[in-house]
Amino acid sequence: MDEQPLRFDTKIAVLLRDDLAPWQRLNVTSFLVSGLGSQVPEVIGAPYEDADGVAYLPMFRQPVLVFEATKEVLRAAHTRVLSRALPRAVFTADLFSTGNDTDNRAAVRAVPTADLDLVGLAVYGPKGGVDKVVKGARMHP
């Protein structure tokens with residue numbers, strides 16, 4: 001039986017600043033998607049289980065697309081995601097120097113929206129809306 005690929009009318013996207021080191025890209029992506037998974041329950045699929053009955057945590061039900069862009073494109077994407085009121089998560093450069101969740105939240109809270117030194121943004125929503133948010137970015141190599 002030929003199964004048709006599952007198509008989603010929503011999209012999960014992560015946009016990373018293009019000047020990050022490889023370890024930073026991985027770290028930022030991990031943190032950003034954890035925010036979406038914790039607050040947007042419809043993105044989470046069912047738990048996994050292997051043939052021996054060992055249980056594993058559920059993961060996203062759909063792919064996460066990772067993009068990269070200049071600082072300017074990332075800032076424009078942030079403005080667009082706010083204007084569309086889509087679920088989002090941010091990661092700022094300040095978070096590379098903190099070591100815990102309390103300090104992370106304090107570092108973001110200390111900076112006005114327009115002055116955030118963004119290095120990453122995650123967004124979830126209708127495909128068209130997310131596509132407009134990440135306009136100008138390119139798929140991560």
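As the structure is a prediction and not an experimental result, all values here were calculated from the model.
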K.L.:
So, taking the atom named CD in E68 and the one named CG in L20, what distance separates them when rounded to the nearest 0.5 Å?
P.N.:
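Here the interatomic distance stands at 9.0 Å.
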K.L.:
Does one hydrophobic cluster hold both V111 and V28, with members joined at side-chain heavy-atom distances below 4.5 Å?
P.N.:
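Yes, same cluster.
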K.L.:
Is there a side-chain contact between L95 and F31 (heavy atoms, below 4.5 Å)?
P.N.:
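No, their side chains stay 4.5 Å or more apart.
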K.L.:
At what distance, to the nearest 0.5 angstrom, does CG of L65 lie from NZ of K11?
P.N.:
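One gets 5.5 Å once the value is rounded to the nearest 0.5 Å.
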K.L.:
Side-chain heavy atoms under 4.5 angstrom apart, residues restricted to Ile, Leu, Val, Met, Phe, Trp, Tyr: same cluster for L121 and M139?
P.N.:
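Yes, because L121 and M139 connect within a single hydrophobic cluster, where side-chain heavy atoms sit under 4.5 Å apart.
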K.L.:
So do L82 and T113 actually touch side chain to side chain, heavy atoms under 4.5 Å?
P.N.:
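A side-chain contact exists here, since the closest heavy-atom pair is under 4.5 Å.
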K.L.:
Any chain of hydrophobic side-chain contacts (each under 4.5 Å) joining V40 to V123?
P.N.:
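Shared cluster, yes.
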K.L.:
Does V90 belong to the same Ile/Leu/Val/Met/Phe/Trp/Tyr cluster as V64, with side-chain heavy atoms less than 4.5 Å apart forming each link?
P.N.:
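Linked within one cluster.
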K.L.:
Would you give the length of the straight line joining atom CG of D103 to atom CG of D94, rounded to the nearest 0.5 angstrom?
P.N.:
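If I round to the nearest 0.5 Å, the distance is 11.5 Å.
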K.L.:
Among K71, R17, R25, Q24, whose side chain to side chain contact (heavy atoms under 4.5 Å, CB included) with V119 holds?
P.N.:
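Only match with V119 under side chain to side chain contact (heavy atoms under 4.5 Å, CB included): R17.
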K.L.:
With a 4.5 Å limit on heavy-atom distance, are the side chains of P126 and L86 in contact?
P.N.:
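Yes, their side chains come closer than 4.5 Å.
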K.L.:
Look up atom OG1 in T79 and atom CZ in R84, then write down how far apart they are to the nearest 0.5 Å.
P.N.:
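Spacing of OG1 (T79) from CZ (R84) equals 11.0 Å.
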K.L.:
Any side-chain heavy atom of H78 within less than 4.5 Å of one from L74?
P.N.:
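A side-chain contact is absent here, since even the closest heavy-atom pair is not under 4.5 Å.
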K.L.:
When you measure from the side chain of R80 to the backbone N and O of G129, does any donor-acceptor pair fall under 3.5 Å?
P.N.:
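Side chain of R80 to backbone of G129, a donor-acceptor pair under 3.5 Å: no, none is there.
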K.L.:
Run the side-chain contact (heavy atoms from CB on, under 4.5 Å) check on I12 and V43 step by step: do they pass?
P.N.:
CA-CA 8 Å; I12 300 170; V43 300; 4.1 Å; yes
K.L.:
In terms of the angle between their ring planes, are W23 and F96 parallel, tilted or perpendicular, with boundaries placed at 30° and 60°?
P.N.:
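W23 and F96: perpendicular rings.
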K.L.:
Can you tell if the side chain of L118 reaches within under 4.5 Å of the side chain of F91, non-hydrogen atoms only?
P.N.:
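No, side chains not in contact.
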K.L.:
Are any of the side-chain heavy atoms of F67 and H140 separated by less than 4.5 Å?
P.N.:
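Sidechains of H140 and F67: no contact.
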K.L.:
Is there side-chain contact between T10 and R61, with at least one heavy-atom pair below 4.5 Å?
P.N.:
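Yes. Closest side-chain heavy atoms under 4.5 Å.
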K.L.:
Grouping I, L, V, M, F, W and Y whenever their side-chain heavy atoms are under 4.5 Å apart, do V73 and V130 come out in a common cluster?
P.N.:
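Unlinked, V73 and V130 end up in two clusters.
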